[in-house]
There are 2 protein chains.
Amino acid sequence: MYTLSEENYLKSIYRLSQQSNFKITPTAIAESLKNNPASVVDMIRKLTDKQLIEYDKKKGVKLTPVGLKDAVLIVRRHRLWEVFLLEKLGYHWDEIHDIAEELEHISDATLADRLDKFLGFPEYDPHGDPIPKANGKVPKPYSVTLADLKIGTNCRVAAVKDTSSSFLQYLQKLDIGIGTNIKLLEKITYDNSLVISINDKENTTVSQKFGENILVD
Amino acid sequence: MYTLSEENYLKSIYRLSQQSNFKITPTAIAESLKNNPASVVDMIRKLTDKQLIEYDKKKGVKLTPVGLKDAVLIVRRHRLWEVFLLEKLGYHWDEIHDIAEELEHISDATLADRLDKFLGFPEYDPHGDPIPKANGKVPKPYSVTLADLKIGTNCRVAAVKDTSSSFLQYLQKLDIGIGTNIKLLEKITYDNSLVISINDKENTTVSQKFGENILVD
DNA sequence: ATATAAAATTAGTCTTAACTAATTTTATAA
DNA sequence: TTATAAAATTAGTTAAGACTAATTTTATAT
Ligand SMILES: [Mn+2]
Ligand SMILES: [Mn+2]
Ligand SMILES: [Mn+2]
Ligand SMILES: [Mn+2]
């Protein structure tokens, strides 16, 4: 149906549309895919011709209903495979993303639904991201970050925004995973560092960037 | 490591080297991959440069030790995924080959071994083909076909040579699968058709071609 | 309003992996 | 042995999807 590149662009545009309200520009897409804006312009033309996106210099790139539906299905496959890799094959949560980047492109009409069933219809992937349903409905993702909380609040780690190995391995070192209980004790005025207590244990200080990449419940 | 095309060529050359002693020519490879001999000549040059094959006009194409090792690993992945698709996701044996053709190219150092373990280290894939071991050893495949048997012999279906949907669906209709018991009752002299009894049930006549594509134990 | 910087676009190049058409080499049959 | 057919190879083309460099458009700051 789609080429590998087309799918990666669709997914990238979808992700950008989810993670903020900024205009989706060729440069933004180029950054997210780590390629050249000139290449992006070419692909924008191609996807526009295929009626998967619309591009307006003022409004930026938008997925059409068809483009959105298919982007969501790719994300669905990605997240289901991540669950499989972690739960069935015993990978750690910092190893699964790159493999799922390849698996998500396997095209078979019933594969995702069978995998979904096999995994017991999981709601969230191992990073706390919601898994789109077979009908294309996407459960609402978590949106409040650790950095948004008021001093003294207790919370549960629900998801991570950054899925890079370095961030996930740092979390592992701090004994933080999905479900971990965190209490925000103090915000350092100087640089917005956060003093937290992890699972009621001794205090730890983390950066603002760190706090902004943890979604809580 | 390798491109999709390189992997498909390696696998194709490996398969040709397994299924007969004929010289592996550009034309033979072209047929097996359904593409043009001219394209094959290009790729032979490329794989030769990479020292994965050797090509001699007299002897044809041969895999080098490195090429052989990697071809076997691709086949290993293919067959393991076939087991997964059948046993875990509930596909039928005529549906799995094409999906495994895509899955076999997922490259991750430990994926095949984890999958192998998850599946309980299966010896054979759903078509009866032996699954190469992690160390590259390939169990000996079955080699005696139904057409090779003497009249009156009883046998167990061990593997199928042809994995096309049409053949597998025909087998399904006849209630023949891996493990089915077959007794060869008669060979029709005229066209080598075979009269067989399936699981001791009523007699059926099948073609010579059919008999040559069933491997027995 | 104008200068400057950033973003978008165009033009042209490259690589991979296919193809067709033409040619050369090798095998086969009369 | 020679004619013919088949196979292999070469030459040239195409398409996708990336790139760089140059240019044009748009945004931002003085
Ligand atoms: Mn991921
Ligand atoms: Mn994830
Ligand atoms: Mn197969
Ligand atoms: Mn098989």
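Just so it is clear, the model here is predicted, and its values are computed rather than measured. Lettering follows sequence order; numbering is per chain, from 1.
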So, [X] and [Y], do they make that salt bridge, N to O below 4.0 Å?
X       : Y        : result
A:Glu82 : A:Arg77  : no
A:Lys59 : A:Glu54  : no
A:Arg76 : A:Asp116 : yes

Value in whole Å for how far the [atom2] atom of [N] lies from [atom1] of [X]:
X       : N      : atom1 : atom2 : answer
B:Tyr55 : C:dT26 : OH    : P     : 10 Å
A:Glu7  : D:dA16 : CD    : P     : 16 Å
A:Asp56 : D:dT26 : CG    : P     : 12 Å
A:Lys58 : C:dA7  : NZ    : P     : 16 Å

Between A:Tyr91 and B:Asp108, a side-chain donor and acceptor under 3.5 Å: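 Per modelled atom types, A:Tyr91 and B:Asp108 side chains form a pair under 3.5 Å.
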
Heavy-atom distance under 4.5 Å between the side chains of A:Pro126 and A:Arg79, does that happen here?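 Contact flag for A:Pro126/A:Arg79 side chains = no.
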
For the residue pair A:Lys88 and A:Phe118, would you count it as a cation-pi contact if the rule is NZ or CZ under 6.0 angstrom from the ring centre and within 45 degrees of the ring axis?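 Judged by the rule (NZ or CZ under 6.0 Å from the ring centre, within 45° of its axis), A:Lys88 counts as positioned above A:Phe118.
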
Anything under 3.5 Å between a protein N or O and an N or O of nucleotides 17-21 of chain C, put it in a table, one pair a line.
from	atom 1	to	atom 2	distance (Å)
C:dA17	OP1	B:Thr3	OG1	2.5
C:dA17	OP2	B:Lys46	NZ	2.1
C:dA18	OP1	B:Ser5	OG	2.7
C:dC19	OP2	B:Asn36	N	2.8
C:dC19	OP2	B:Ser39	OG	2.6
C:dT20	OP2	B:Asn36	ND2	3.1

Once you measure the plane-to-plane angle for B:Phe84 and A:Phe84, does it fall in the parallel (<30°), tilted (30-60°) or perpendicular (>60°) bin?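 Ring orientation, 0 to 90° scale: tilted.
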
Should the ring pair B:His127 and B:Trp93 be called parallel, tilted or perpendicular, given that the plane angle runs from 0 to 90° and is split at 30 and 60?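 It falls in the parallel class, under 30°.
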
Quick check on D:dT9: is either OP1 or OP2 less than 4.0 Å from any side-chain nitrogen or oxygen of B:Lys57?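 Result: yes.
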
Answer yes or no: does a side-chain N or O of B:Arg45 lie under 4.0 Å from OP1 or OP2 of D:dT9?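 Looking at the OP1 and OP2 atoms of D:dT9, neither is under 4.0 Å from any side-chain N or O of B:Arg45.
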
Taking CD in A:Gln51 as the centre, count heavy atoms belonging to other residues, nucleotides or ligands within less than 6.0 Å. Is the count above 12?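 Open: at most 12 neighbouring heavy atoms sit under 6.0 Å from CD of A:Gln51.
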
Without swapping roles, check the side chain of B:Lys23 against the backbone of B:Lys57 for a donor-acceptor pair under 3.5 Å.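 Yes.
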
Is it the case that the side chain of B:Asp49 and the backbone of B:Lys46 share a donor-acceptor pair, with hydrogens and angles ignored and the cut-off at 3.5 Å?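 Flag not set: sc B:Asp49 to bb B:Lys46 has no pair under 3.5 Å.
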
Dot-bracket for DNA chain D: what is it, with Watson-Crick or G-U pairs under 3.5 Å, [ ] where a pair crosses earlier ones, and | for a pair to another strand? ||||||||||||||||||||||||||||||

Specify the residues of residues 15-23 of chain A, ordered by number, for which at least one heavy atom lies under 4.0 angstrom from an atom of DNA chain D.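 Within this stretch, nothing sits under 4.0 Å of the strand.
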
